[in-house]
Structure formats: C-alpha cells, structure tokens
Amino acid sequence: ALTVLLVSGLQRRADVGHAGAVGVVFMTLFALGVVLVGLLKVRSPDVGASLVGNVLGVATGDLLLSLGLVLTLGLVLSLLYWPLVLTCFDRTSAALTLPVAILDLVLLTMVAGTAVVSLRVVGVILTVAVLVIPAATALRWTRRLPRAMLIAGVVSALAGMASLYVTYYARIAPAAVMVLVLAGVFLGSTLLGPYGVVIPRRWLAADVPAMRARDERTV
C-alpha cells in the first residue's frame, strides 16, 4: 500500500515519470527492508524464501490465493479495460472525462497485488523480472494490447513449466531458471520477432510495414 501511494505521487512529476517512480520507490524500500533485517538480526528461512522464492514449496492455499487474484484482476480489467488503456496512452484526453488519479491507483493496486502474491513463488528480486520480461517479449511480436497480454501470459506459463522440468533433473532454484528462460525468450524475440532486430523470413519482413500500420491505427 505504501509503495502504491509513493509511486502514484512521484510519477506525477514530469521529470520522473512512471518507470522512474517505480524504480526509485521499489529499490529504496527493498534496500530499507535489507537494512531492517540486518539491524533486527532476523534469522529466519522465510527471509531467504522471500528473496528468491520457493516454487516447489507452494501450498494449496497459495494456489487458491493466486486463483482468486487472477479472477479478481480479470473482473477489474474487463470492467475498466478501455478507461485504463486511454489513461495509459492518452492521458490528456483521458483527463477530460475520466478520473485519471483513481485509475492510476487501480492500476498500481493491481500490479502491487500481483507482486505480493508472486513473492512466495519467485521472491522479491525475481518478481520484477517476471512482471516485466513477458510483457517486453510480447511487444516484440505485436502492438495490439489484447494480443500482447495473451502472448505475455503464454510466455510466462511456458517459462514456468520449463523451469520446473529443468530443476527436476538439476538441483537449481526454479525461480532463477524461470527468469533465465524468460530472458532467453526475450532475446530470441528481440532478434527474430516482427518488431525485433532481425526478421526471420522474407514474407514476414514484407508484412511488417502493414502490421505496424494496422497496429498503430488500432492503438
């Protein structure tokens, strides 16, 4: 809750922006947490689990909590999809008819809720990567928001299954493997995706200008 309020207030400054506010607030509070752990001499396995996560230790309650979060986010997103899209892409127009400040709080609360539930699975450090990399990967393939959301979800699910498969044969932290898989997919998408550096096929390269024009009109 404190993170949401701080980010919401700080991102309003034009010289800071949303990305800068998230980076400053998140890393500052994370550093504060590390200092408090040291000062209070906390010695608990839960501290280590909160840093790197424990995918293999997820209980039934955690799965139900995750399911509840997914259903809640799906409901909120279905109700506020277009207001959120307009607020993110055209704040000037949105400010004329929509409560931009409230929508910002809703979006930040959705992200914060996802992060809180993710802590037990992938930990504090890797939560950021799991939230950011799939979305960045999806944008290498499309500029249409619904399609990007679907691709990000599929990439995350496949990375999770791949990490569990690898850790079944090697004694490595699943969360770290998950992020490495995501990073590999992002690198491949950056090189070979329609919006990447290298176009893998001539026919795909020929279609890219039309795809980009269509996606820009859609956005």
Side-chain angles (χ1 to χ4, degrees), residues 7 11 17-23 26-27 53 55 66 69-70 73-74 76-78 80-91 94 107-108 110-111 113-115 117-118 121-168 170 172-219:
V7 171
Q11 72 176 359
H18 178 73
V22 171
F26 184 88
M27 297 313 299
V55 177
S66 299
L69 174 70
V70 170
L73 294 181
V76 174
L77 193 58
S78 64
L80 299 177
Y81 176 78
W82 287 115
L84 288 173
V85 170
L86 183 60
T87 302
C88 291
F89 289 98
D90 192 354
R91 296 183 66 85
L107 182 60
L108 288 172
M110 293 169 66
V111 175
T114 303
V117 175
S118 301
V121 179
V122 295
V124 175
I125 299 175
L126 302 182
T127 293
V128 178
V130 175
L131 286 174
V132 173
I133 297 178
T137 300
L139 293 178
R140 305 281 73 78
W141 294 96
T142 183
R143 288 295 187 267
R144 301 188 65 180
L145 190 56
R147 188 178 299 173
M149 294 167 62
L150 177 61
I151 293 174
V154 171
V155 168
S156 299
L158 293 178
M161 290 187 289
S163 67
L164 291 177
Y165 183 81
V166 171
T167 54
Y168 180 81
I172 308 174
V177 177
M178 185 186 307
V179 175
L180 289 179
V181 172
L182 288 172
V185 174
F186 172 74
L187 178 60
S189 300
T190 300
L191 294 175
L192 305 178
Y195 296 92
V197 178
V198 180
I199 305 302
R201 300 179 180 88
R202 292 182 179 180
W203 64 267
L204 184 57
D207 289 343
V208 166
M211 292 169 57
R212 287 178 173 170
R214 181 191 62 197
D215 291 348
E216 289 172 358
R217 289 195 301 269
T218 302
V219 173

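Values reported hereafter were calculated over all heavy atoms of this structure, with side chains retained and with hydrogens, waters and symmetry mates removed. Index from 1, following the sequence.
Y165 OH: 12 or fewer foreign heavy atoms inside a 6.0 Å radius.
The line from CG of L145 to CZ of F89 is 5.5 Å long, rounded to the nearest 0.5 Å. One distance of note links CD1 of I133 with CG of L180; it measures 9.0 Å at 0.5 Å rounding. Within the model, atoms CG of L187 and CG of L192 stand 8.5 Å from one another, a figure rounded to the nearest 0.5 Å. To the nearest 0.5 angstrom, L158 atom CG is 12.0 Å from M178 atom CE.
Of all non-hydrogen atoms in V177 and S163, the two that sit nearest each other are CG1-CA, 3.7 Å. The minimum heavy-atom distance linking W141 with P194 is given by the pair CE3-CD, 3.0 Å. The two atoms that bring A148 and L139 nearest to each other are CB-CD2, 4.2 Å, heavy atoms only. Taking each heavy atom of P83 and T87 in turn, the nearest pair found is O-OG1, 2.7 Å. Among all heavy-atom pairs drawn from L164 and T167, the shortest one is O-OG1, 3.1 Å.
Using a 4.5 Å cut-off on side-chain heavy atoms (C-beta onward), L107 and C88 make contact. Between F186 and P134, every side-chain heavy-atom pair lies at or beyond the 4.5 Å cut-off. Under the 4.5 Å side-chain criterion, counting only non-hydrogen atoms from C-beta, L182 is in contact with V155. At least one side-chain heavy atom of M149 sits less than 4.5 Å from a side-chain heavy atom of L77.
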Could you walk me through whether I151 and T137 pass side-chain contact (heavy atoms from CB on, under 4.5 Å), step by step?
CA-CA 8 Å; I151 293 174; T137 300; 5.5 Å; no
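Checking side-chain atoms of R140 against main-chain N and O of A136 turns up a donor-acceptor pair under 3.5 Å.
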